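Treat the numbers as computed from the prediction; the structure is a model and nothing was measured. Along the sequence shown, residues carry numbers from 1.
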Amino acid sequence: MYLKLNIERTEKFMLASFLLLKIYLLYIKIGQPIGFDAKPYIRVFRDTHWFQALPSIREYVYAYHPPLAPLIQRFISAFGFDPIYSSQIFSFICIIGSFFAFRAILKKIGLLDKFCGVAFLYLAFSLPVFIFMTYEIGNDAPVFLFANIVLYLSVFLFWDKKIKKDRNNIDRLVMIFLMLVISASMLVKYTGFLNIFIPFFVILVRGTKKDLIRNIVLAVLIAILSISLVFPFYYYRYYKSEKSFFPVNADWIIESRGIAEEVEKRREKKLLYIAKNMIRIPRESFYLANEPVRDSFFHSIWFQTWKLDKRAEEQGKASSIFSNIYLTIFFALMLLGTVSFGLFFGGRDPTWNSLGGLLVCVGLLFAFGMIFYGFKYPLWSWIIFKSKYMAPSLLWISYSTVTFLMDIPSIFTKLKMRHIEHVSLICIFVFMVINHVLPVY
């Protein structure tokens with residue numbers, strides 16, 4: 001009982017500290033046009049208004065994206081904030097919302113009052129890339145928010161929960177809300193369509209066998225209705241003008257530059273091309289570079305999780321030192337934790353294992369989505385691979401790290417778990433403070 005109360009108090013202290021650090025971070029970064037596509041996004045925002053014609057798809061570089069992010073931002077700008085301020089406040093709200101959505105997941109499945117849940121939550125949302133997304137100008141923070149809300153609502157509906165014939169009103173409302181959130185995510189970015197798979201993953205990992213068929217039917221119905229809600233928009237906005245439901249600015253830029261034939265030759269290499277280029281781990285060092293190897297998926301994602309790409313902003317020397325330390329230490333921790341996840345699966349909390357299985361499914365979904373995009377548009381002079389595009393996948397870094405910490409007593413039997421917990425939570429708190437105050441990105 002003492003340990004449980006200690007963990008609860010620790011979590012409350014971490015929560016208060018986390019929120020204060022986020023406010024401080026916004027305070028020191030507010031008003032700075034930071035982001036890979038900050039200027040193009042602001043340009044689209046200025047011309048996107050409720051109940052008015054949207055900018056032409058090809059009018060601006062960023063205009064092809066669905067418009068919900070700048071439209072929601074309009075509510076913030078209505079309080080008198082300029083486009084840069086309102087965009088950063090919007091990103092701040094979305095990252096805070098993502099944090100609370102995942103905190104609610106951990107509370108729902110009974111992990112928030114345990115060491116593993118607290119360590120995972122505050123380690124994950126203190127990763128440098130999520131620090132950057134807190135004040136970045138763009139539409140990736142709302143994509144991450146909607147993915148986490150979909151994950152929470154799916155857990156609420158399907159995690160160890162039987163479907164009764166006489167469903168109560170709360171479940172009906174959650175189903176409707178889940179459908180609306182999935183639809184909304186599709187109106188922020190094309191990536192939102194990946195969210196329709198999340199309810200199926202929850203059913204696969206933790207759905208009750210007795211109600212498996214009914215759960216799947218319900219998830220299919222939610223997916224169909226979600227797509228149906230946005231279909232008219234996609235048809236009239238995209239298909240009628242571009243003859244494609246998912247037009248990308250790369251398509252017409254490729255045409256205008258006359259490199260369509262060259263790109264097609266790259267695509268024709270298919271699996272061999274993917275294996276030898278995108279999936280390779282290049283020899284180039286992370287430590288001295290200020291940008292990743294653009295045509296390497298692994299190099300780009302790992303670099304941008306810990307280090308600031310020069311295309312977004314120049315990184316300071318102090319933060320660069322921490323970035324280099326992190327990307328080395330956490331590579332080892334993630335690798336050890338991933339191996340440990342499989343080796344000691346049977347001797348661990350089943351709920352924690354189920355969460356890991358769910359994160360694996362979600363992580364691979366978003367990772368494969370980005371790899372597919374890289375295969376379709378192999379334009380390596382651009383920044384095709386960005387870690388923020390697959391933000392849900394990055395949660396595995398924290399999960400595998402905490403998993404390894406939990407399994408240390410199984411490897412080194414003389415070490416006590418309570419000592420590991422105390423030291424780990426102190427280190428995570430220091431990690432959280434440094435990354436926000438410096439900040440490390």
Side-chain angles (χ1 to χ4, degrees), residues 15 18-19 22 65-73 75-76 89-109 111-112 117 120-121 124-125 127 130 133-134 136 138-159 161 170-203 205-207 215 218-219 221-227 229-230 355 358-359 361-363 365-366 369 388-396 398-399:
L15 174 61
F18 179 82
L19 294 176
K22 284 294 181 197
H65 284 297
L68 188 57
L71 287 175
I72 295 175
Q73 187 184 328
F75 292 111
I76 300 173
I89 292 171
F90 183 40
S91 294
F92 171 83
I93 292 171
C94 288
I95 294 299
I96 295 295
S98 298
F99 166 81
F100 276 107
F102 215 96
R103 184 177 182 273
I105 293 171
L106 295 173
K107 186 174 183 179
K108 183 70 178 176
I109 63 180
L111 292 178
L112 189 61
F120 166 79
L121 181 65
F125 283 88
L127 294 179
F130 293 143
M133 290 174 66
T134 305
E136 185 204 19
N139 57 3
D140 292 295
V143 170
F144 187 44
L145 171 62
F146 282 122
N148 280 291
I149 295 176
V150 169
L151 192 57
Y152 169 72
L153 295 174
S154 300
V155 167
F156 185 95
L157 281 176
F158 301 119
W159 188 283
K161 190 169 184 178
I170 293 179
D171 283 348
R172 291 194 186 98
L173 288 174
V174 171
M175 287 173 55
I176 295 171
F177 193 43
L178 175 58
M179 178 185 66
L180 292 175
V181 171
I182 294 175
S183 297
S185 68
M186 298 173 185
L187 294 176
V188 175
K189 219 171 183 180
Y190 300 153
T191 316
F193 279 85
L194 297 177
N195 291 331
I196 64 175
F197 295 100
I198 291 178
F200 295 98
F201 292 151
V202 176
I203 294 169
V205 170
R206 202 68 185 218
N215 276 321
L218 182 58
L221 182 62
I222 291 171
I224 292 173
L225 291 175
S226 299
I227 294 173
L229 287 177
V230 300
L355 176 63
L358 181 58
L359 291 178
C361 293
V362 174
L365 173 70
F366 281 84
K388 62 175 185 166
Y389 288 167
M390 48 179 283
S393 304
L394 304 180
L395 296 173
W396 179 257
S398 174
Y399 179 88

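- Scanning both residues, Leu127 and Leu394, for their nearest heavy atoms gives CD1-O, 3.8 Å.
- Here the CG-CZ distance, from Leu121 to Phe125, works out to 6.5 Å after rounding to the nearest 0.5 Å.
- Here the closest heavy-atom approach between residue Ala391 and residue Phe144 is recorded as CB-CD1, 3.6 Å.
- Judged as a salt bridge (charged side-chain N to carboxylate O under 4.0 Å, His left out), and not counting sequence neighbours, Lys22 has no contacts.
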Worked verdict on Phe99 versus Leu15 for side-chain contact (heavy atoms from CB on, under 4.5 Å): CA-CA 10 Å; Phe99 166 81; Leu15 174 61; 3.5 Å; yes
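- Shown here for Ser393 and Phe366, the closest heavy-atom pair between the two residues is OG-CB, 3.4 Å.
- Using a distance-only test at 3.5 Å, with no hydrogens or angles considered, a donor-acceptor pair links the side chain of Ser91 to the main chain of Glu136.
- The aromatic rings of Phe197 and Phe201 sit parallel, their planes meeting at an angle under 30°, below the 60° perpendicular limit.
- Nearest heavy-atom pair across Asn148 and Ile105 is O-CD1, 4.1 Å.
- Across all their heavy atoms, Leu145 and Ser98 have their closest contact at CA-OG, 3.1 Å.
- Between Phe102 and Phe120, the distance separating the two ring centers is shorter than 6.0 angstrom.
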Which pairs of donor and acceptor atoms, one on a side chain in residues 175-188, lie under 3.5 Å apart (sequence neighbours left out)?
unit_1: Ser183; atom_1: OG; unit_2: Met179; atom_2: O; d: 3.0
unit_1: Ser183; atom_1: OG; unit_2: Ser226; atom_2: O; d: 2.9
unit_1: Ser185; atom_1: OG; unit_2: Ile182; atom_2: O; d: 2.5
unit_1: Ser185; atom_1: OG; unit_2: Gly192; atom_2: O; d: 3.3
unit_1: Ser185; atom_1: OG; unit_2: Asn195; atom_2: ND2; d: 3.1

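- Scanning both residues, Ile149 and Ala101, for their nearest heavy atoms gives N-CB, 4.2 Å.
- Atom CD1 of Ile203 is separated from atom CH2 of Trp159 by 13.0 Å, given to the nearest 0.5 angstrom.
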